[in-house]
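Just below is one structure, and these are the notes that go with it.
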There are 2 protein chains.
Amino acid sequence: MTTPGAADEPMALAAERLRTAGMRVTAPRMAVLMAVSDSGGHLDADTLRERAQRIIGRLSLQATYNVLRALTDAGLVRSTQIAGHPTRYETERHDNHHHFVCRACGSIRDVECTVGAAPCIEPRLPEEYDIREAAVTFWGLCPGCRATASAS
Amino acid sequence: MTTPGAADEPMALAAERLRTAGMRVTAPRMAVLMAVSDSGGHLDADTLRERAQRIIGRLSLQATYNVLRALTDAGLVRSTQIAGHPTRYETERHDNHHHFVCRACGSIRDVECTVGAAPCIEPRLPEEYDIREAAVTFWGLCPGCRATASAS
DNA sequence: GCTTTTTCTTGAATCGGTCAAGTATATGGA
DNA sequence: TCCATATACTTGACCGATTCAAGAAAAAGC
């Protein structure tokens, strides 16, 4: 028992990640975290629920949403909302990458950033990708709210 | 009757814009188009419905959606989907601008593009805006779909 | 172990938006 | 000017994604 089976490794890793993030370690959380991790990203809540169920058997959709929210708040998971699609989840890698979405098949692909910190508009994508448009949304605080926030 | 009243002007203009776009000229369409035009942008379907109703009296929400879809398809209106908000509509100005959304109050503001054609990441916003992050989504065709599209 | 606190389950509800069927109306031709 | 026909609007049901609420279950600390 000193060397756990190979199948236990990812679960032990998931438990460790949860513990490090200061979260309670539960079967649903480990399962969802594992599902997000080895999916390659961009899965929606319902699909992640299915994958998680394969690992631990039963899991309600509501719990899946709860877990995803918790993991996102803890910075372990990144959620992305793309117009016309349900919210997708992927492992948070803090690499500030963006997304390419195919208008025809809906497939999603990561797009690396040329610059480090700031998001860049020159996408690092193979030439075969036919980019038609880019939607850029900046998030932050408007002058009014910034003043209110710094005052408190 | 040769010189229409001042109040008729925007309506006549709306009618003209619809006609130019090859669309049937109807009261709902004129009203919604006027509502979008003089709103300064970023209103959702339900709010636009209210504004349109002030102009023509009655208008179903379904019709509002139909009209907005038609106007968008015709290139008269631009729709923007921002995570966590219902779809917003604004006059299509073909200027390829982007959006700033305040995390605190949810207000939306246009962000001009420094470059002409391509979307740019260096936002033209006053310094008082505290930009925390940017979500960039590229839309187009992936290699597979591009091949299929050009083949047909 | 036992207690406390957090999390999970179940089931209802909400929100933004679409589908479908029937009625009304804009437009082009007689 | 009126008619025919295609298109648009109204009403009402429906849907998918997500959240709310209440009670049962299970982690973590003592």
Side-chain angles (χ1 to χ4, degrees), chain A residues 11-12 14-35 42-50 52-53 55-74 76-77 79-89 106 108, chain B residues 11-12 14-35 42-50 52-53 55-74 76-77 79-89 106 108:
Chain A
M11 188 164 287
E16 181 54 30
R17 287 210 275 158
L18 290 170
R19 214 169 278 119
T20 303
M23 300 173 73
R24 283 197 179 184
V25 178
T26 69
R29 286 179 175 181
M30 287 190 284
V32 171
L33 189 50
M34 287 166 69
H42 312 139
L43 297 188
D44 59 29
D46 203 57
T47 308
L48 286 169
R49 179 197 184 193
E50 279 174 33
Q53 284 182 325
I55 303 173
I56 56 164
R58 185 130 215 82
L59 181 64
S60 71
L61 182 56
Q62 175 65 61
T64 309
Y65 276 110
N66 290 159
V67 167
L68 286 169
R69 159 90 51 96
L71 291 175
T72 302
D73 290 349
L76 295 178
V77 162
S79 73
T80 309
Q81 282 181 270
I82 288 173
H85 297 249
T87 303
R88 307 307 178 94
Y89 301 86
I108 301 173
Chain B
M11 188 163 287
E16 182 53 31
R17 288 210 276 159
L18 289 170
R19 213 168 279 119
T20 304
M23 301 173 71
R24 283 198 178 182
V25 178
T26 69
R29 286 178 174 181
M30 287 191 284
V32 171
L33 189 51
M34 287 166 70
H42 312 138
L43 298 187
D44 59 29
D46 202 58
T47 308
L48 287 169
R49 180 197 184 193
E50 279 175 34
Q53 284 182 326
I55 303 172
I56 57 164
R58 186 129 213 80
L59 181 63
S60 70
L61 182 56
Q62 177 65 60
T64 309
Y65 278 110
N66 290 159
V67 168
L68 286 170
R69 159 91 51 98
L71 292 175
T72 303
D73 289 349
L76 295 177
V77 162
S79 73
T80 308
Q81 281 182 270
I82 288 172
H85 297 248
T87 303
R88 308 306 179 95
Y89 300 87
I108 300 173

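Convention: sequence-line order gives letters A, B, ...; per-chain numbering from 1.
- Looking at every heavy atom in both residues, B:A14 comes nearest to B:L33 through O-CD2, 3.8 Å.
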Ignoring hydrogens and angles, write down the donor-acceptor pairs under 3.5 Å from the side chains of residues 24-32 of chain A, residues two or more places apart or on other chains.
residue, atom, partner, partner atom, Å
A:T26, OG1, A:R29, N, 3.3
A:R29, NH1, A:R24, O, 3.2

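- Residues A:A21 and A:L76 share a closest heavy-atom pair of CB-CD1, 4.1 Å.
- The separation between B:L48 atom CG and C:dG17 atom P is 11 Å, rounded to whole Å.
- The minimum heavy-atom distance between A:Q81 and B:A83, with the atom names listed, is OE1-CB, 3.3 Å.
- The heavy-atom pair separating A:L59 from A:A52 by the smallest distance is CD2-CB, 3.7 Å.
- Considering every non-hydrogen atom in both B:A70 and B:M23, the closest pair reads CB-CE, 3.7 Å.
- If you take CG of A:N66 and C1' of D:dA25, they are 14 Å apart, rounded to a whole angstrom.
- Atom CG in B:L61 sits about 10 Å away from atom P in C:dT18, given to the nearest Å.
- The phosphate of C:dT18 (OP1 or OP2) has a side-chain N or O of B:R69 nearer than 4.0 angstrom.
- A:L59 places its CG atom 14 Å from the P atom of D:dA26, with the value rounded to the nearest Å.
- A:R88 has its CZ atom 10 Å from the P atom of D:dT18, to the nearest Å.
- In terms of heavy atoms, B:A45 sits closest to B:Y89 at N-CE1, 4.1 Å.
- One atom, CZ of B:R58, and another, P of C:dA24, lie 15 Å apart when rounded to the nearest Å.
- The salt bridge (Lys or Arg N to Asp or Glu O under 4.0 Å) search around B:E16 returns B:R19, not counting sequence neighbours.
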Could you walk me through whether A:T64 and A:D46 pass side chain to side chain contact (heavy atoms under 4.5 Å, CB included), step by step?
CA-CA 8 Å; A:T64 309; A:D46 203 57; over 6 Å; no
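- When distances run from any side-chain atom of A:R29 to the nucleotides C:dT7, C:dT10, D:dT10, the shortest one goes to C:dT7.
- Listed by chain and residue number, A:E90 satisfy the side chain to side chain donor-acceptor pair (under 3.5 Å) test with A:T80 (two or more places apart in sequence, or in another chain).
- B:R88 is linked by a side-chain contact (heavy atoms from CB on, under 4.5 Å) to B:D44, B:H85, B:P86, B:I108, counting only residues two or more places apart in sequence or in another chain.
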Extract from the structure each pairing of a protein N or O with an N or O of nucleotides 28-30 of chain D at less than 3.5 Å, listing the distance.
residue, atom, partner, partner atom, Å
D:dA28, OP1, A:V25, N, 3.0

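- Atom-to-atom, CD of B:Q81 to C1' of C:dT18 comes out at 14 Å; the value is rounded to the nearest Å.
- Comparing the axis of the opening five pairs of the helix from C:dG1-D:dC30 to C:dA30-D:dT1 with that of the closing five pairs yields an angle of 30°, rounded to 10°.
- Taking atom CG of A:L68 as the reference point, atom P of D:dT18 lies 10 Å away to the nearest angstrom.
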Tabulate protein N/O versus nucleotide N/O from nucleotides 11-16 of chain C, keeping only pairs under 3.5 Å, one per line.
none

